[in-house]
Engineer: 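This is the structure I have questions about; it appears just below.
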There are 2 protein chains.
Amino acid sequence: MTLAEENYLKTIFHLERKLKSEVSTNALAERMQTRASSVTDMMQKLADKKMLVYKKYKGVQLTEKGKKAAAYVVRKHRLWEVFLVDKLNFHWDEVHEIAEQMEHINSVELIKRLDAFLGHPDFDPHGDPIPDKDGNIKKAEKRLLSELIKNQIGICVGVKESSPEYLQYLDKKKISIGTKINVLGKEFFDGSMMIQAGRDQFFVSKQIAENLYVQTN
Amino acid sequence: MTLAEENYLKTIFHLERKLKSEVSTNALAERMQTRASSVTDMMQKLADKKMLVYKKYKGVQLTEKGKKAAAYVVRKHRLWEVFLVDKLNFHWDEVHEIAEQMEHINSVELIKRLDAFLGHPDFDPHGDPIPDKDGNIKKAEKRLLSELIKNQIGICVGVKESSPEYLQYLDKKKISIGTKINVLGKEFFDGSMMIQAGRDQFFVSKQIAENLYVQTN
DNA sequence: ACTAATGTTTAGCTTTGCCTAAAATTATAA
DNA sequence: TTATAATTTTAGGCAAAGCTAAACATTAGT
Ligand SMILES: [Mn+2]
Ligand SMILES: [Mn+2]
Ligand SMILES: [Mn+2]
Ligand SMILES: [Mn+2]
């Protein structure tokens with residue numbers, strides 16, 4: 001697996017779960033910041049390697065082999081994010097770029113030991129699940145903050161969007177994983193909410209609320 | 001700096017200190033397991049980038065800029081080796097290959113924090129000095145075990161050769177960094193020695209003794 | 001000093017991963 | 001149902017980093 005191949009597999013993996021269908025050439029090209037023609041080239045190569053099924057003009061679908069390889073890249077990425085936050089005290093909005101590089105380090109033993117060193121974490125610093133060695137992802141029962149109604153309480157367990165901008169907004173509002181959020185009121189017109197997060201009370205827009213995952217026990 | 005460029009710089013850096021002269025094309029080709037023609041190509045590229053001075057048929061010499069870049073790669077390599085041994089409990093003969101990959105991760109902040117996390121170590125698990133951010137290497141006063149005479153005592157502080165085979169030999173003999181070694185006798189004919197290492201007494205050949213660094217306070 | 005051996009560079013090819021432009025296919029909409 | 005639009009693939013190239021074979025320089029041996 002070359003670096004480029006790993007990046008393609010990972011992206012297809014994410015898009016497949018998001019779109020719940022085959023992944024189109026253009027969708028991939030946009031996500032990978034590259035050209036459709038480059039994508040086609042790589043799809044043909046990955047099809048040769050039995051990582052995915054490629055049907056001309058019809059998009060691609062990962063094989064079991066491809067899914068496993070992709071999930072392992074995701075596993076490495078998320079374990080390194082945990083390392084960066086838990087051990088090197090990086091902030092959750094700073095780790096993605098670095099993990100993007102570290103996910104390509106190739107050593108089974110390294111990842112095994114890293115996992116143990118971190119205490120076999122199940123979720124990364126953004127609340128995303130870490131696939132196990134075999135590629136299985138346990139999905140937590142979590143809901144979007146925007147789905148809660150007045151007076152419901154949730155614990156923040158992750159983010160849907162994890163851009164630095166959004167994460168920095170959450171920081172400013174002192175919301176992080178584990179923060180208790182109480183819905184004090186909800187505006188039906190625009191979906192905005194008045195919430196209590198930790199000790200503070202303030203409004204959040206629908207856009208904010210529908211990118212935050214909470215657990216309502 | 002591409003991965004290939006970093007690897008060339010690092011190798012030139014090591015060869016320059018070893019040979020104390022310009023580095024020849026063939027010397028580099030051998031060390032890098034590549035062909036002389038490939039080396040020539042890269043030397044011309046690195047000369048364009050002012051990383052080294054290249055004189056046709058006369059070998060290359062790093063510029064200050066090149067030396068600094070090379071030392072930084074060495075710094076990253078050795079810090080990761082410390083991480084692997086101290087934090088992930090790898091054995092000192094297992095870390096080089098992995099560090100060979102990790103040394104290319106590109107993030108100044110990452111290395112700054114890693115260094116702090118490791119307690120600003122001065123030496124790597126093989127006893128080699130870790131250059132500081134500016135490329136300065138403090139060299140320890142250390143001598144080869146083979147230079148000691150009968151009844152001298154030294155503390156193992158590093159190895160000259162660090163192949164897995166040699167390191168595994170040392171392990172079998174329970175010699176590691178910090179081990180106290182007492183020269184009980186020395187054979188002038190072949191340079192072999194009877195030593196006491198820790199609690200055990202045994203013979204070591206000249207080849208063993210001239211690859212182990214000790215400090216004789 | 002000249003020739004042979006050794007060391008180094010150049011020329012020309014290969015593979016990977018990307019690009020643009022053009023051709024082919026599929027989707028949309030009048 | 002056709003023409004137009006959008007999507008996708010192919011053709012042809014480029015840069016990086018490697019290779020082999022051939023040419024060129026240096027060094028060494030006689
Ligand atoms: Mn990430
Ligand atoms: Mn993440
Ligand atoms: Mn090493
Ligand atoms: Mn080392």
Side-chain angles (χ1 to χ4, degrees), chain A residues 1-13 15-16 18-62 66 69-70 73 100-101 103-106, chain B residues 1-13 15-16 18-62 66 69-70 73 100-101 103-106:
Chain A
M1 293 272 73
T2 68
L3 188 143
E5 287 168 351
E6 284 195 340
N7 282 333
Y8 273 94
L9 286 180
K10 188 183 56 160
T11 306
I12 296 165
F13 182 82
L15 282 177
E16 243 179 26
K18 187 184 187 185
L19 309 172
K20 289 165 192 326
S21 73
E22 315 74 65
V23 177
S24 74
T25 303
N26 268 2
L28 258 171
E30 177 169 10
R31 261 293 193 102
M32 312 226 20
Q33 306 265 62
T34 185
R35 298 309 180 133
S37 56
S38 307
V39 172
T40 301
D41 283 350
M42 186 57 93
M43 293 312 97
Q44 290 169 350
K45 188 169 24 145
L46 289 174
D48 286 349
K49 296 196 174 188
K50 310 289 182 211
M51 289 298 186
L52 45 77
V53 178
Y54 167 66
K55 292 221 184 73
K56 263 195 184 190
Y57 294 101
K58 298 295 179 191
V60 295
Q61 215 176 345
L62 291 176
V73 179
E100 209 57 36
Q101 297 181 61
E103 73 190 5
H104 302 291
I105 303 283
N106 185 4
Chain B
M1 293 271 71
T2 67
L3 188 143
E5 287 168 352
E6 284 194 341
N7 282 333
Y8 273 95
L9 286 179
K10 188 183 56 159
T11 305
I12 296 165
F13 182 81
L15 283 177
E16 242 177 28
K18 187 183 188 185
L19 309 173
K20 289 165 189 329
S21 72
E22 314 73 64
V23 177
S24 75
T25 304
N26 270 1
L28 258 171
E30 176 166 11
R31 261 294 192 102
M32 311 224 25
Q33 306 265 60
T34 186
R35 299 307 181 139
S37 55
S38 307
V39 172
T40 301
D41 283 349
M42 185 58 93
M43 293 311 98
Q44 290 168 350
K45 189 172 21 149
L46 290 174
D48 285 349
K49 296 196 175 189
K50 310 287 183 215
M51 288 298 186
L52 44 77
V53 178
Y54 167 64
K55 291 220 184 73
K56 263 197 184 191
Y57 294 100
K58 299 294 177 193
V60 295
Q61 214 176 347
L62 291 177
V73 179
E100 209 56 38
Q101 297 180 62
E103 73 191 4
H104 302 291
I105 304 282
N106 185 4

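In what follows, chains carry the letters A, B, and so on, assigned in the order in which the sequence lines appear, proteins first and then strands, with residues in each chain numbered from 1. Note that this is a predicted model, so its numbers are computed, not measured.
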Engineer: Return the value, rounded to whole Å, for the distance between atom NZ of A:K56 and atom P of D:dT8.
Structural biologist: 14 Å
Engineer: Round to a whole Å and report the spacing from CG of B:D48 to P of D:dA15.
Structural biologist: 14 Å
Engineer: Please tell me which of the listed nucleotides, C:dT8, D:dC19, C:dC18, lies nearest to the side chain of B:S38?
Structural biologist: D:dC19
Engineer: Tell me what B:A4 touches on the nucleic acid: a base, only sugar-phosphate, or nothing, going by heavy atoms under 4.0 Å.
Structural biologist: sugar-phosphate
Engineer: Starting from C1' on D:dT10, measure out to CE on A:M42 and report it in whole angstrom.
Structural biologist: 17 Å
Engineer: Which whole-number value in Å describes the distance from A:L3 CG to C:dC18 C1'?
Structural biologist: 14 Å
Engineer: Is there a side-chain contact between A:V60 and A:Y8 in this structure, where contact means two heavy atoms from C-beta onward sitting under 4.5 Å apart?
Structural biologist: no
Engineer: Could you give the CG-to-P distance, from A:D41 to D:dA11, as a whole number of Å?
Structural biologist: 11 Å
Engineer: Taking any heavy-atom pair under 4.0 Å as a contact, classify A:T25: base, sugar-phosphate, or nothing.
Structural biologist: sugar-phosphate
Engineer: Should B:I105 and A:I105 count as side-chain neighbours, where that means a heavy-atom distance under 4.5 Å?
Structural biologist: yes
Engineer: Please tell me if A:N26 has a side-chain N or O lying less than 4.0 Å from either OP1 or OP2 of D:dT8.
Structural biologist: yes
Engineer: May I ask you to test the B:M43-B:T25 pair for a side-chain heavy-atom distance under 4.5 Å?
Structural biologist: no
Engineer: Within this structure, what is the CD-to-P distance between A:Q33 and C:dC19, rounded to whole angstrom?
Structural biologist: 10 Å
Engineer: How long is the line joining CG of A:L28 and C1' of D:dT7, in whole Å?
Structural biologist: 14 Å
Engineer: Which listed nucleotide (D:dG18, C:dC18, C:dT8) is nearest to the side chain of B:T40?
Structural biologist: C:dT8
Engineer: Is a donor-acceptor pair below 3.5 Å formed from side chain A:S37 to base D:dT8, judging by atom type as modelled?
Structural biologist: no
Engineer: State, with a plain yes or no, whether a side-chain heavy atom of B:V73 is found less than 4.5 Å away from one of B:L9.
Structural biologist: no
Engineer: Can you tell me how far P of C:dA5 sits from OH of B:Y57, to the nearest Å?
Structural biologist: 19 Å
Engineer: From the options D:dT20, C:dT8, C:dC18, select the nucleotide whose nearest atom is closest to the side chain of B:R35.
Structural biologist: D:dT20
Engineer: Between A:L46 and A:Y54, is any pair of side-chain heavy atoms under 4.5 Å apart?
Structural biologist: no
Engineer: Checking contacts here: which listed nucleotide (C:dC18, C:dT9, D:dT9) is nearest the side-chain heavy atoms of A:A36?
Structural biologist: D:dT9
Engineer: Just compare D:dC19, C:dT26, C:dT9 and give me whichever is closest to any side-chain atom of A:K58.
Structural biologist: C:dT26
Engineer: Checking only heavy atoms, does the side chain of A:S24 share a donor-acceptor pair with the base of D:dT8 at less than 3.5 Å?
Structural biologist: no
